[in-house]
Novice: 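Here it is, the structure, as structure tokens.
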Amino acid sequence: MALLPILHYPDPRLHTVAKPVAEVTPELRQLAADMAETMYAAPGIGLAATQVDRHIRLLVIDISEEKNRLHTFINPRILLKEGEIVHEEGCLSVPGIYDKVTRAEHIRVQATDLAGETFELEANGLMAICIQHEIDHLNGKVFVEYLSRLKQTRIKSKLSKQAREAM
Ligand code: K1U
Ligand code: ZN
């Protein structure tokens, strides 16, 4: 297993649209395991392949307190969205920034698992929010893009400054 470096906003690679996974291979299973290890170590409750500079439609999520309910979604597709929920979000690619985002409160998602089987999942609340946040990453969208232009500009300059100082 390996910890993978996470891209930080405003890295332009975060805006890449990920390609569908054609086949579940041992290499894909290894990447999913490395992503889970990276997510737990960060720590975070989700991670999309885009964030580790792999532009394929793969994401991992575990919102449990005990960190023992790992979900892996390959080629996830939202089939249904209902209701609205406003929740404070964070992002491992936008460290130290938290803000409120409005998303669907209830979703039904279809995806493939690591055995290559298609499944459907109904999700509410934080799980629904996290799935939508991670699918946004696969579509090249970072949560700060839901915020005002002014906030985006401030966040970009804060993180660019932090990156320069870390060099
Ligand atoms: O995609 C990511 O960058 C992961 C992100 C997921 C997320 C969080 C909150 C709302 C929507 C999506 C994170 O995990 S940020 C860190 C975080 O929320 C957290 C970290 C430790 C314990 C509990 C939460
Ligand atoms: Zn994120």
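Note that ligands are numbered from 1 as they come in the structure, with each ligand's atoms numbered from 1 the same way.
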Novice: Would you confirm whether Gln152, through its side chain, and Leu147, through its main-chain N or O, come within 3.5 Å as a donor-acceptor pair?
Specialist: yes
Novice: Among all protein heavy atoms, pick out the one at the shortest distance from atom 20 (C) of ligand 1; state its residue, atom name and that distance to 0.1 Å.
Specialist: Pro43 O, 3.3 Å
Novice: Counting heavy atoms only, which of Ile45, Val94, Asp62, Thr50 is nearest atom 22 (C) of ligand 1?
Specialist: Ile45
Novice: Which atoms of ligand 1 have any heavy atom of Gly90 under 4.0 Å away?
Specialist: 5 (C), 7 (C), 8 (C), 9 (C), 15 (S)
Novice: Between Leu92 and ligand 1, is there a nitrogen or oxygen pair with a distance under 3.5 Å?
Specialist: yes
Novice: Report yes or no: do Gln132 and Asp136 form a side-chain donor-acceptor pair below 3.5 Å?
Specialist: no
Novice: Which bit of Gln51 gets closer than 4.0 Å to ligand 1, counting heavy atoms only: side chain, backbone, both or neither?
Specialist: side chain
Novice: Can you check whether Pro76 reaches Leu59 side chain to side chain, under 4.5 Å on heavy atoms?
Specialist: yes
Novice: I need the nearest protein heavy-atom contact for atom 4 (C) of ligand 1: residue, atom name and distance, please.
Specialist: Gly46 O, 3.0 Å
Novice: State the CG-CD1 distance between Leu58 and Ile74, to the nearest 0.5 angstrom.
Specialist: 6.0 Å
Novice: Using side chain to side chain contact (heavy atoms under 4.5 Å, CB included), reason through Asp11 and Asp53 one step at a time and then give a plain yes or no.
Specialist: CA-CA 10 Å; Asp11 191 311; Asp53 203 19; over 6 Å; no
Novice: For a quick check under 3.5 Å, do Gln51 and Ser93 share a side-chain donor-acceptor pair by atom type?
Specialist: yes
Novice: Give the numbers and elements of all ligand 1 atoms closer than 4.0 Å to a heavy atom of Gly44.
Specialist: 14 (O), 20 (C)
Novice: Ring of Tyr146, cation from Lys141 - is the NZ or CZ under 6.0 Å from the centre and inside 45° of the axis?
Specialist: yes
Novice: Using non-hydrogen atoms of the residue, decide whether Ala48 is closer than 4.0 angstrom to ligand 1.
Specialist: no
Novice: If you measure from each non-hydrogen atom of His137 to ligand 1, which part falls under 4.0 Å: side chain, backbone, both or neither?
Specialist: side chain
Novice: For the backbone of Ala128 and the side chain of Arg103, can you confirm whether one donor and one acceptor N or O come within less than 3.5 Å of each other?
Specialist: no
Novice: Among His133, Met39, Glu134, Lys67, which one puts a heavy atom closest to atom 11 (C) of ligand 1?
Specialist: His133
Novice: Rounded to the nearest 10°, what angle sits at the Zn ion (ligand 2) between NE2 of His137 and NE2 of His133?
Specialist: 110°
Novice: For ligand 1, which atoms have a heavy atom of Glu89 less than 4.0 angstrom away?
Specialist: 10 (C), 11 (C)
